[in-house]
Amino acid sequence: MDKKPLILFTGGTDSTFLLLGTLHNTEVDTLFIKGPQDNDKAIMEEKAISSILNSKAYKNSQHKIRNQYVVNL
């Protein structure tokens, strides 16, 4: 079985730091949960995620995101 880390990725500082640091060692799967938070907050988080995935830091990382999961609660 090909196990990879699953990172709860919101586009915030903590999850971005964890994601980019982990990508130095291995591929990862990410999870974004659209929960009961304010709709504007969810939109801002999605924009932040998109911006990070289009950033030079992500594009130059040794490994990439294998699967991106989004859960709507």
Side-chain angles (χ1 to χ4, degrees):
M1 183 178 253
D2 186 27
K3 294 183 180 181
K4 296 294 177 190
L6 176 65
I7 295 177
L8 180 60
F9 184 46
T10 63
T13 302
D14 294 337
S15 65
T16 300
F17 183 79
L18 178 61
L19 174 69
L20 295 176
T22 305
L23 289 173
H24 285 289
N25 300 313
T26 187
E27 294 179 319
V28 301
D29 293 336
T30 61
L31 172 64
F32 176 70
I33 299 174
K34 287 185 180 182
Q37 77 264 39
D38 184 288
N39 189 50
D40 291 338
K41 183 176 187 282
I43 291 169
M44 288 177 18
E45 289 176 340
E46 289 175 313
K47 286 181 181 179
I49 290 170
S50 177
S51 178
I52 291 160
L53 297 182
N54 287 310
S55 73
K56 185 182 276 189
Y58 177 72
K59 290 181 179 180
N60 290 337
S61 62
Q62 185 173 354
H63 299 281
K64 300 296 177 205
I65 296 172
R66 184 175 66 165
N67 296 298
Q68 294 182 55
Y69 300 104
V70 176
V71 175
N72 293 303
L73 294 180

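Since the structure is predicted, the reported quantities are computational estimates derived from the model, not experimental observations.
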Quiz prompt | N54 atom CG: more than 12 heavy-atom contacts under 6.0 Å | solution = yes
Quiz item: What's the spacing between Q68 CD and L53 CG if we round to 0.5 Å?
Solution: 5.5 Å
Quiz item: Any donor and acceptor pair, going by atom type alone, linking the side chain of K64 with main-chain N or O of K59 inside 3.5 Å?
Solution: yes
Quiz item: Just how far is it from atom CD of Q62 to atom CD of E27, taken to the nearest 0.5 Å?
Solution: 11.0 Å
Quiz item: Is there a donor-acceptor pair under 3.5 Å between the side chain of D29 and the backbone N or O of L6?
Solution: no
Quiz item: Out of curiosity, D38 CG to M44 CE, how far, rounded to the nearest 0.5 Å?
Solution: 9.0 Å
Quiz item: Can you tell me how far the CG atom of L18 sits from the OG1 atom of T13, to the nearest 0.5 Å?
Solution: 12.5 Å
Quiz item: Do the side chains of F17 and L23 join up, straight or via other hydrophobic residues, at under 4.5 Å, putting them in one cluster?
Solution: no
Practice problem: State whether the number of non-hydrogen atoms from other residues, nucleotides or ligands found under 6.0 Å of K4 atom NZ is greater than 12. | Solution: yes
Quiz item: Would you say I65 and I7 make side-chain contact, with heavy atoms under 4.5 Å?
Solution: no
Practice problem: Using atom types as modelled and distance alone, determine if a side-chain donor or acceptor of S51 lies under 3.5 Å from a backbone N or O of A48. | Solution: no
Self-check item: Closest contact, heavy atoms only, S15 versus G11
Solution: OG-N, 3.4 Å
Quiz item: Any side-chain heavy atom of F9 sitting closer than 4.5 Å to one from T16?
Solution: yes
Self-check item: I52 to S55 - nearest heavy-atom pair and separation
Solution: O-OG, 2.6 Å
Quiz item: Does one hydrophobic cluster hold both L73 and L31, with members joined at side-chain heavy-atom distances below 4.5 Å?
Solution: yes
Exercise. Could you grab the distance from atom OG1 of T30 to atom OH of Y69, nearest 0.5 Å is fine?
Key: 9.0 Å
Quiz item: Can any side-chain N or O of S61 pair as donor or acceptor with the backbone N or O of Y58 at less than 3.5 Å?
Solution: yes
